[in-house]
Amino acid sequence: IARFEDLLYGTCFCAAVIACSMGPTHIIRRLVRDLAKLPQQIENFDFEKANCFCCSINHVLPTKDPAKVIRIPCDRLAVE
């Protein structure tokens, strides 16, 4: 009976190790994939085609109150 309990504990331990390593493995795989894409993204990047946040929202910050308008300056010159 002691051997069965050892086998059961060993199996549970292995299952726990596999289950706990799945999350970090997924995160690391995604990071490596993103880092592999980075050189191509940098090579294809063009400042003239880049969008800045202020222009994408027409220089008005969204608020819960439509009567309240918060205007923001353009940061396009800082981006270029």
Side-chain angles (χ1 to χ4, degrees):
I1 292 183
R3 292 185 58 87
F4 176 74
E5 288 177 352
D6 291 342
L7 181 63
L8 181 63
Y9 290 139
T11 303
C12 289
F13 177 76
C14 288
V17 167
I18 290 170
C20 291
S21 66
M22 289 177 72
T25 301
H26 177 69
I27 292 170
I28 291 170
R29 287 180 64 207
R30 184 184 301 171
L31 175 64
V32 169
R33 183 181 64 226
D34 290 344
L35 288 175
K37 292 179 184 178
L38 188 60
Q40 182 182 8
Q41 290 175 344
I42 291 173
E43 183 178 327
N44 295 333
F45 183 77
D46 185 8
F47 278 106
E48 293 174 3
K49 294 179 183 176
N51 295 328
C52 49
F53 175 71
C54 62
C55 293
S56 68
I57 61 168
N58 294 323
H59 304 279
V60 178
L61 284 177
T63 61
K64 292 181 182 178
D65 182 11
K68 185 177 180 182
V69 175
I70 301 174
R71 298 204 176 272
I72 57 173
C74 187
D75 61 356
R76 184 72 188 172
L77 294 175
V79 171
E80 292 177 351

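Quick note: residue numbers are just sequence positions, from 1. Only this structure's heavy atoms are used, side chains among them; waters, hydrogens and symmetry mates stay out.
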Task: Taking every non-hydrogen atom, the tightest pair across Leu35 and Pro39 - done: O-CD, 3.4 Å
Open item on the list: Do Ile70 and Phe53 sit in one hydrophobic cluster, given that two such residues count as connected whenever their side-chain heavy atoms are within less than 4.5 Å of each other, even indirectly?
Closed with: yes
TODO: Name all residues meeting the side-chain hydrogen bond (donor to acceptor under 3.5 Å, both in side chains) criterion together with Arg29; count only those two or more places apart in sequence or in a different chain, and write none if there are none.
DONE: none
Task: Shortest non-hydrogen contact from Arg71 toward Val60 - done: NH1-CG2, 3.3 Å
Open item on the list: Tell me whether Phe13 at atom CZ has more than 12 heavy atoms from other residues, nucleotides or ligands lying less than 6.0 Å away.
Closed with: no
- [ ] Quick one: pull up CG in Asn44 and NZ in Lys49 and give me the separation to the nearest 0.5 Å.
- [x] 9.0 Å
Open item on the list: Do Ile27 and Arg30 have side chains that approach each other closer than 4.5 Å (heavy atoms only, starting at C-beta)?
Closed with: no
Open item on the list: For His59 versus Cys74, what's the shortest heavy-atom pair and its separation?
Closed with: CE1-CB, 3.3 Å
TODO: Measure the SG-CG distance between Cys54 and Asp75 for me, rounded to the nearest 0.5 Å.
DONE: 4.0 Å
